[in-house]
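When a residue number appears, it is its place in the shown sequence, counting from 1. Computed from heavy atoms alone, side chains included, the values below leave out hydrogens, waters and symmetry copies. For ligands, and for the atoms within them, numbers begin at 1 and follow the listed sequence.
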Amino acid sequence: MLTFTGDPYLTDLSRCMTYEDDAIIVTENGLIAAVGPAPEILPTLDADIEVADHQGDLIVPGFIDCHVHYPQTEIIGSHGKQLIDWLNNYTFIAEQFFSHKPHADEVAKIFLREQLRNGVTSSSVFCTIFPVSVDALFEAAEPLNMRIMAGKVCMDRNAAAGLLDTAEQAYVESKRLIEKWHGRGRMEYVLTPRFAPTSSDAQLEQLQALAKEYPDMLIQSHISENRDEVAWVKQLFPGARDYTDVYDQYGLLRPRAIYGHGIHLDESELQRFHAAGAALAHCPTSNFFLGSGYLNVERAKRADRPIAVGLATDLGAGTSFSMLQTMNEAYKAAHLNHSDLPPAHAFYLATRGSATALGIADKVGSIAVGMEADFAVLNLRSTPVIDYRMRFASNFDEELFIQMTLGDDRAIAATYIADERVYG
Ligand code: GUN
Ligand code: ZN
């Protein structure tokens, strides 16, 4: 079993990583009741306790994808240009079909099925401007008891005509969805302006009002993904000091506000993220796919002004549901920044790191007493080449690195949600 009690970017790894090579996790009513080395836990158990035996496998906290677009499942791997063209040519076409509830229902189910096949137990999800697309996702997540956070995308300009709401609709429809879904089971609503270029000042004002009414609510959007996008924002908001300032002016930079990408943020913007307690979602497969660049996670997490960073697929610009493959690409992003991503740090980002960025680290993201019992179980020899490569691994660190380099959905032996085996 592998889990983290703290942040390895800020604390020595030996003090924040827990690895047990023979662990028992006791669960009760969807929560973790006890956890520790088998010789310690075994004598405390009733003889008739139900056992799931995963000897030989690695149990980690369920992976948390902190930024993903479920309606883009059908456009993963669409060939083309960079961000703005990709949005116009593929995304804004696919998302128009989500006013049709049966279509949204179908995609939501496929999306969640793929997450479970990849050991993803929680995610923060962009829907579309259509409220029924939010209903579809939450309705599909509810019977699975998944900790899903999601919101209606708000955008009232610079997108296809069939995909625009208005400033007022952003407020009224978001509020109606909050009343319907927020806090129901394990589900949370997320205020979701798509990004600055697609919201007018009037719409950002409406979202600011909602954010004030719900001071603890998650906010998700995009920032500084692509250089042309950054230049466009400068044109659209001449009064703002920089991209970060646009969101800050409208009260959208605060704890539990999480922004995808942030690749091109400058030092003063990073300092404002830190001061506001806002977080970043690192989306390396997406960033490479769209040629956006590569976030410097080490820089974002600099110890004198650390920013919470989580790991995310950003499908369908992202290319894989697998958080292992996302770690693989995050490692390459680190290299291009002349930095490093040790395997423990990668697993941290995909679990407790994402949980911290979303402000849910008191519930999920680590394996400890009182936490919700969401797990991914990894088969460490899931393919012939991994099996072969593992023979030459001389320690746990190397084994872990092999998993994040060569592993994918085939490495997921089982997925547990609140103590229920939902896959494998
Ligand atoms: N910026 C605004 N919308 C999107 C989106 O759907 N995907 C990505 N990658 N970036 C965005
Ligand atoms: Zn995104």
Please state which part of Leu87 comes within less than 4.0 Å of ligand 1, counting heavy atoms only: side chain, backbone, both or neither. side chain
Give a yes/no answer: is there an N/O/S atom of Asp314 under 2.8 Å from the Zn ion (ligand 2)? yes
Take Arg176 and Glu179 through the test salt bridge (charged side-chain N to carboxylate O under 4.0 Å, His left out) and record every step on the way to the result. CA-CA 5 Å; Arg176 232 181 262 144; Glu179 285 161 0; over 6 Å; no
May I ask you to list the atoms of ligand 1 that are less than 4.0 angstrom from any heavy atom of Leu83? 8 (C), 10 (N), 11 (C)
Ligand-side contact atoms (ligand 1) for residue partner Asp314, heavy atom cut-off under 4.0 Å: 8 (C), 9 (N)
Min side-chain heavy-atom separation Ile417-Asp374 under 4.5 Å: yes
Protein residue, atom and distance nearest to atom 7 (N) of ligand 1, heavy-atom basis: Trp86 CZ3, 3.6 Å
Quick check: does His261 put an N/O/S atom under 2.8 Å from the Zn ion (ligand 2)? no
Could you tell me the residue and atom name of the protein heavy atom closest to atom 3 (N) of ligand 1, and the distance to it rounded to 0.1 Å? Arg194 NE, 2.8 Å
Looking only at protein heavy atoms, which one is nearest to atom 10 (N) of ligand 1, and what is the separation? Glu225 OE1, 2.7 Å
Below 4.0 Å, non-hydrogen atoms only: which portion of His69 touches ligand 1? Side chain, backbone, both or neither. side chain
Distance-only N or O hit between ligand 1 and Glu95, under 3.5 Å: no
State, without any angle test, whether Arg352 and Ser366 hold a side-chain donor-acceptor pair at a distance under 3.5 Å. yes
If you measure only the distance, is there a donor-acceptor pair under 3.5 Å linking the side chains of Tyr70 and Gln115? no
Whether the side chain of Asn226 engages the backbone of Ile84 through a donor-acceptor N/O pair (distance < 3.5 Å, no angle test) should be reported. no
Should Glu229 be listed as contacting ligand 1, given a heavy-atom distance under 4.0 Å as the test? no
With a cut-off of 2.8 Å, does His69 put an N/O/S atom close enough to the Zn ion (ligand 2)? yes
Using the side-chain hydrogen bond (donor to acceptor under 3.5 Å, both in side chains) rule, pick out the option among Glu95, Gln220, His222 that qualifies with Arg194. Glu95
Can you name the one residue among Glu267, Gln271, His274 that meets side-chain hydrogen bond (donor to acceptor under 3.5 Å, both in side chains) with Arg305? Glu267
For atom CD of Glu213, is the number of surrounding heavy atoms from other residues, nucleotides or ligands below 6.0 Å larger than 12? yes
Close-contact set for ligand 1 against His261 heavy atoms, below 4.0 Å: 9 (N)
Using a strict cut-off of 4.0 Å, indicate which atoms of ligand 1 neighbour a heavy atom of Ala317. 9 (N)
So, do Leu280 and Ile223 sit near enough that their side-chain heavy atoms are less than 4.5 Å apart? yes
Asp65 and Thr313: side-chain donor and acceptor closer than 3.5 Å? yes
Going by heavy atoms, is Phe126 under 4.0 Å from ligand 1? no
